[in-house]
Structure formats: C-alpha cells, structure tokens
Amino acid sequence: MTGESASAAAEASAHDEASTNGAAPAGAPDRGDVIRQRIIDAVAVFLLSTVAVLTAWCGFQSSKWGGEMSIAFSQASSARVQAADYSSQARDARANDQAIWVEWVLANQRGDTALIEYIEERFTPEFRVAFDAWDAGGREARGPFVLEEYVPPGTEEAADLNARADERFQTALENNQRGDNYSILTVLFALVLFLTAMSQRDLQPWVTRTLLGLAIVVAIAGVVILLTYPVKI
C-alpha cells in the first residue's frame, strides 16, 4: 500500500469514527449555533408580526382621536355661535330697559305721577325684579342695572353656552394630544421594526444579538406606554 493510500484510509477511518461518536464532520455548522440561530429567527419573526399589529393599532387610534378632536372643535364653535346670539339678545333687552328707565327718571324728576305709573306698567319682568330690589333698598344704588337681581333674558343661556364652548375646546385640545401621542408611539414601533430587520442581516453574532435585544427593550417600553393611553373604539 502506498503512502497516499494509507493517508486516505486513515482519513476515512477517522471520518467513520467521528460519525459513530456523533461528532459533526469537519466544516459542518455546529448544532448549537444552528439552534441559537433558529431561536433568534423565531423571536425576530414574532417581534416583527406583533409590532406590525401594534403599529397599525396606533395608527387607527391616532385617526380616531383626530376625528374626536374635529367633532369637539365643531361643538365648541357651534356653542360659541349660540352664545353670541344669546348675548346679543341680552344686550338688546338691556338697551330697551335702559330706554324705559331714562323715561322713568325724566318723569320722576318732573313729578309726573301718571306718566310714572304708565311707564312702570311697561317694565319687563326682568327689569321689574331689579327695580323692586332697588326701590326696597332705599334707592341708594346708582340704578337697578347695577344690582345682581337684574338678569336680562339670554344672559344665563349665553353664560352656559360659553362654558360649554370652553369645555369642548379644552376636550378638543386633549384629543389632539392623544392623537399625537399615538403618532409618536407609531414612530417608536417603527424603530423596533428597523432594529429587528437589521438583526436579520449577515452580521457578527454579537451584533445580531445586540440589535435584537435593543428591539425587544424598545418594544416592551412601547407596550408599557401604550397601556397607559386611552382607547377610542
């Protein structure tokens, strides 16, 4: 047997012995590395799928809160317009009462009792309440209009509507912020997708593990933040 034949026979014998003992052939990937890579791939696929769903959810919620913001702004605007109408009604009523009051003052200065009674019969109910309070107080105030008892029609309605307009405007601002929060969270989840995709590139093992680990940390932080946000269906 030649030297080359003996060498080949020895290599074959070593190969058979390694196969018998369960060892991987020379040049074959280590079984542990294969298992680790499969685990990394499975985690990456799960992370990509989950974060993709969460990203879509954040986009949906951002859209819903944007719609709520628009509705609240519209309601605030409508209430403000109605409040302006009632305020105009109150101003007109005050102007009419003041015109009648001027005539009463002039008649009172002249001592025209008949005219005074005639004018008093034409007091509006709102002004009558204030006039009686002014008269009962010894007429010491500068007139019925400065008393809190004088409330021309439309005043309370205007105040209520203005308060509602302020409340709906504040709600609109809060809804707008909620939509912005969901939009920002969408960007955070997009970062998770980027890091996960990069971890699947042909990189050094430690780089792959670092990118995937960072993606998992960011994803967990995003989920924790998401759980604190209100939901609109």
Side-chain angles (χ1 to χ4, degrees), residues 56-186 225-233:
W57 172 256
C58 289
F60 170 73
Q61 285 297 306
S62 178
S63 176
K64 291 291 290 184
W65 285 113
E68 290 297 312
M69 176 199 67
S70 298
I71 293 173
F73 272 134
S74 297
Q75 291 174 340
S77 177
S78 176
R80 197 73 73 187
V81 171
Q82 295 180 60
D85 290 340
Y86 278 110
S87 295
S88 178
Q89 177 182 341
R91 286 194 300 270
D92 292 342
R94 179 182 290 272
N96 291 333
D97 289 336
Q98 287 175 339
I100 295 176
W101 167 248
V102 168
E103 296 299 327
W104 184 92
V105 171
L106 295 176
N108 186 61
Q109 289 178 345
R110 294 194 300 267
D112 191 340
T113 305
L115 182 58
I116 290 175
E117 294 178 355
Y118 176 82
I119 294 174
E120 290 181 355
E121 291 175 357
R122 283 152 181 78
F123 284 168
T124 62
E126 295 78 15
F127 183 70
R128 168 61 65 182
V129 172
F131 181 85
D132 290 343
W134 174 71
D135 190 37
R139 301 185 177 185
E140 294 181 358
R142 298 181 61 183
F145 297 99
V146 301
L147 301 180
E148 61 180 12
E149 284 81 1
Y150 180 66
V151 183
T155 301
E156 295 179 351
E157 292 84 351
D160 292 340
L161 287 167
N162 276 320
R164 173 172 172 75
D166 292 338
E167 183 270 330
R168 297 312 299 165
F169 184 80
Q170 184 61 36
T171 300
L173 295 180
E174 293 175 357
N175 292 338
N176 179 59
Q177 185 60 53
R178 289 167 180 167
D180 291 344
N181 291 340
Y182 274 105
S183 296
I184 294 174
L185 204 55
T186 301
I225 295 173
L226 179 62
L227 293 176
T228 64
Y229 287 170
V231 175
K232 186 67 180 181
I233 303 298

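- Atom CD of residue Gln75 and atom CD of residue Glu68 lie 8.5 Å apart, to the nearest 0.5 angstrom.
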Side chains of residues 101-110: which donor-acceptor pairs under 3.5 Å do they make with residues two or more places apart or in other chains?
{"from": "Trp104", "atom 1": "NE1", "to": "Glu120", "atom 2": "OE2", "distance (Å)": "2.9"}

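- Between Arg128 and Asp132 there is a salt bridge, with a side-chain nitrogen of the basic residue lying less than 4.0 Å from a carboxylate oxygen of the acidic one.
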Review item, side-chain donor-acceptor pairs of residues 146-155, under 3.5 Å, at least two apart:
{"from": "Tyr150", "atom 1": "OH", "to": "Asp97", "atom 2": "OD2", "distance (Å)": "2.6"}
{"from": "Thr155", "atom 1": "OG1", "to": "Pro152", "atom 2": "O", "distance (Å)": "2.8"}

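- Within a 6.0 Å radius of CD in Gln98, more than 12 heavy atoms belonging to other residues, nucleotides or ligands are found.
- Within the 4.5 Å cutoff, the side chain of Asn162 has heavy atoms near those of the Arg80 side chain.
- Here the CD atom belonging to Glu126 is positioned 11.5 Å from the CZ atom belonging to Arg94, to the nearest 0.5 angstrom.
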Please tabulate, for side-chain N and O atoms in residues 225-233, each donor-acceptor pair with protein atoms closer than 3.5 Å (sequence neighbours left out).
{"from": "Thr228", "atom 1": "OG1", "to": "Ile225", "atom 2": "O", "distance (Å)": "2.5"}

Side chain to side chain contact (heavy atoms under 4.5 Å, CB included) assessment of Met69 paired with Trp65: CA-CA 6 Å; Met69 176 199 67; Trp65 285 113; over 6 Å; no
Full working for side chain to side chain contact (heavy atoms under 4.5 Å, CB included) between Leu173 and Phe73: CA-CA 9 Å; Leu173 295 180; Phe73 272 134; 4.1 Å; yes
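- No side-chain N or O of Asp85 forms a donor-acceptor pair with one of Gln89 less than 3.5 Å apart.
- Note that the CZ atom of Arg168 and the OG atom of Ser77 stand 13.0 Å from one another [nearest 0.5 Å].
- Proximity of a side-chain donor or acceptor of Ser88 to a complementary backbone N or O of Ala84 within less than 3.5 Å is not detected.
- Interatomic distance, CD1 of Ile184 versus CD of Gln177, reported as 7.0 Å (0.5 Å rounding).
- The two residues Ser62 and Ser183 have their closest heavy-atom pair at OG-OG, 2.9 Å.
- Residues Trp134 and Glu140 share a closest heavy-atom pair of NE1-N, 4.4 Å.
- At distances below 3.5 Å, not a single donor-acceptor pair connects side-chain atoms of Ser63 with backbone N or O atoms of Gly59.
- Taking a 6.0 Å sphere around CZ of Phe169, one finds it holds 12 or fewer heavy atoms contributed by other residues, nucleotides or ligands.
- The side-chain tip of Arg178 does not point at the ring of Tyr182 from less than 6.0 angstrom away and within 45° of straight on.
- Residue Phe127 holds its CZ atom at 14.5 Å from CZ of Arg122, rounded to the nearest 0.5 Å.
- A donor-acceptor contact shorter than 3.5 Å links the side chain of Thr171 to the backbone of Glu167.
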